[in-house]
Amino acid sequence: MNANRLQLTVYTDYKSPYAYVAKNATKALAVEYPVELAWRPYTLRIAEYLDAVDARSAHNWRKVKYAYMDARRLANRQGLVLKGPKRIYEGRLSSIGMLFAQKAGFFEAYNDLTFERFWRHDLDIDSMDEMKAHVARLGGSAADYAAYVEGPGDAEHREIVEAAESAGVFGVPMVVLDGELF
């Protein structure tokens, strides 16, 4: 980290419509202000947040429907395509992919295209085959990505999520600056 720049830790999840519509504004912070962005995965566990689909209350269904309607309005203002998800996704493979892309030097392209393709229904973030092809399309090694997922990436991902929760993170997008959550 540059000594003259503050570090913002940005927690995100590719299956969050709000994280998608906030991505460009978040990136703009590093252009407008002397800050560095440290992007980290916080893979939402939807059933813990809004109940499992088969047990979801009418109240929680209204929250879900409103959230997508609200996020779609924000997406439309930015010219982004935001189709409602086909099912509930776990998202672990895409989150570990974020870490892999950071280490392999193609994070910006990975971050942008993973969000874009997922919300266009052009990428199944829970399919290892599709994620390997996605990584390869961006210039990464599909074999190295798969090995990272099955090896150190899984533990690293879990440690990041656990540390985030210890710091108070409960959803995305969330930015942490000097221990304060935004």
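For reference, positions follow the sequence shown, starting with 1.
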**Prompt:** I96 and side chain to side chain contact (heavy atoms under 4.5 Å, CB included): which partner among M131, H157, E150, E156?
**Reply:**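 Of the listed options, the one satisfying the test is H157.
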**Item:** Among E116, R117, E130, H134, side chain to side chain contact (heavy atoms under 4.5 Å, CB included) partner for D122
**Value:**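 That would be R117.
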Calculate, to the nearest 0.5 Å, the distance between atoms [atom1] and [atom2] belonging to [X] and [Y] respectively.
X   : Y    : atom1 : atom2 : answer
K23 : N111 : NZ    : CG    : 6.0 Å
I88 : D126 : CD1   : CG    : 11.0 Å
D13 : L44  : CG    : CG    : 4.5 Å

**Prompt:** Is there a donor-acceptor contact under 3.5 Å linking the side chains of Y89 and D124?
**Reply:**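 Result is no, nothing qualifies.
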**Request:** Scan side-chain atoms only and decide if S95 and T43 contain a donor-acceptor pair under the 3.5 Å cut-off.
**Result:**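 T43 and S95 do have a side-chain donor-acceptor pair below 3.5 Å.
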At their closest point, which heavy atom of [X] faces which heavy atom of [Y], and how far apart are they?
X    : Y    : result
P41  : I160 : O-CG2, 3.4 Å
V172 : A19  : CG2-CB, 4.2 Å
S94  : T114 : CB-CG2, 4.2 Å

**Message:** Suppose we call two aromatic rings close when their centres sit under 6.0 Å apart. Are Y110 and Y14 close by that rule?
**Reply:**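 When the ring centroids of Y110 and Y14 are compared, they turn out to be within the sub-6.0 Å range.
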**Asked** In chain order, what residues pass the side-chain contact (heavy atoms from CB on, under 4.5 Å) check against D129, with sequence neighbours excluded?
**Response**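 Scan of D129 (side-chain contact (heavy atoms from CB on, under 4.5 Å), adjacent residues dropped) gives S127, K132.
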**Message:** D144: which residues meet the side-chain contact (heavy atoms from CB on, under 4.5 Å) condition with it, sequence neighbours left out?
**Reply:**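 Testing D144 for side-chain contact (heavy atoms from CB on, under 4.5 Å), a comparison that skips the adjacent residues, returns F100, S141.
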**Message:** Between E90 and R45, does any NZ, NE, NH1 or NH2 come within less than 4.0 Å of an OD or OE carboxylate oxygen?
**Reply:**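 E90 and R45: not salt-bridged.
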**Prompt:** For the hydrophobic clusters of this structure (ILVMFWY residues joined by side-chain heavy atoms under 4.5 Å, transitively), does one cluster hold both V81 and M69?
**Reply:**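 Unlinked, V81 and M69 end up in two clusters.
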**Message:** Please tell me whether V31 and V175 are part of a single hydrophobic cluster in this structure, the criterion being side-chain heavy atoms less than 4.5 Å apart.
**Reply:**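 No: no chain of side-chain contacts under 4.5 Å links V31 to V175.
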**Item:** Ring geometry between W119 and Y68 (parallel below 30°, tilted from 30 to 60°, perpendicular above 60°)
**Value:**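 Y68 and W119: tilted rings.
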**Prompt:** Which word best sums up how the rings of W39 and F107 line up, parallel for under 30°, tilted for 30 to 60°, or perpendicular for over 60°?
**Reply:**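 Correct class here is tilted.
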**Asked** Is there a side chain to side chain donor-acceptor pair (under 3.5 Å) between D154 and Y148 once you walk through the steps?
**Response** CA-CA 8 Å; D154 190 52; Y148 182 71; over 6 Å; no
**Item:** Worked check of side-chain contact (heavy atoms from CB on, under 4.5 Å) between Y20 and K15
**Value:** CA-CA 8 Å; Y20 180 36; K15 64 186 182 291; over 6 Å; no
**Message:** Keeping R40 on the side-chain end and T12 on the backbone end, is there a donor-acceptor pair under 3.5 Å?
**Reply:**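 Not confirmed, R40 side chain does not pair with T12 backbone.
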**Request:** Report, as yes or no, whether the 6.0 Å neighbourhood of atom CZ on F182 holds more than 12 heavy atoms from other residues, nucleotides or ligands.
**Result:**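 Enclosed: over 12 neighbouring heavy atoms sit under 6.0 Å from CZ of F182.
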Going by heavy atoms in the side chains, are [X] and [Y] under 4.5 Å from each other?
X    : Y    : value
V169 : V176 : yes
L6   : E36  : no
L82  : F115 : no

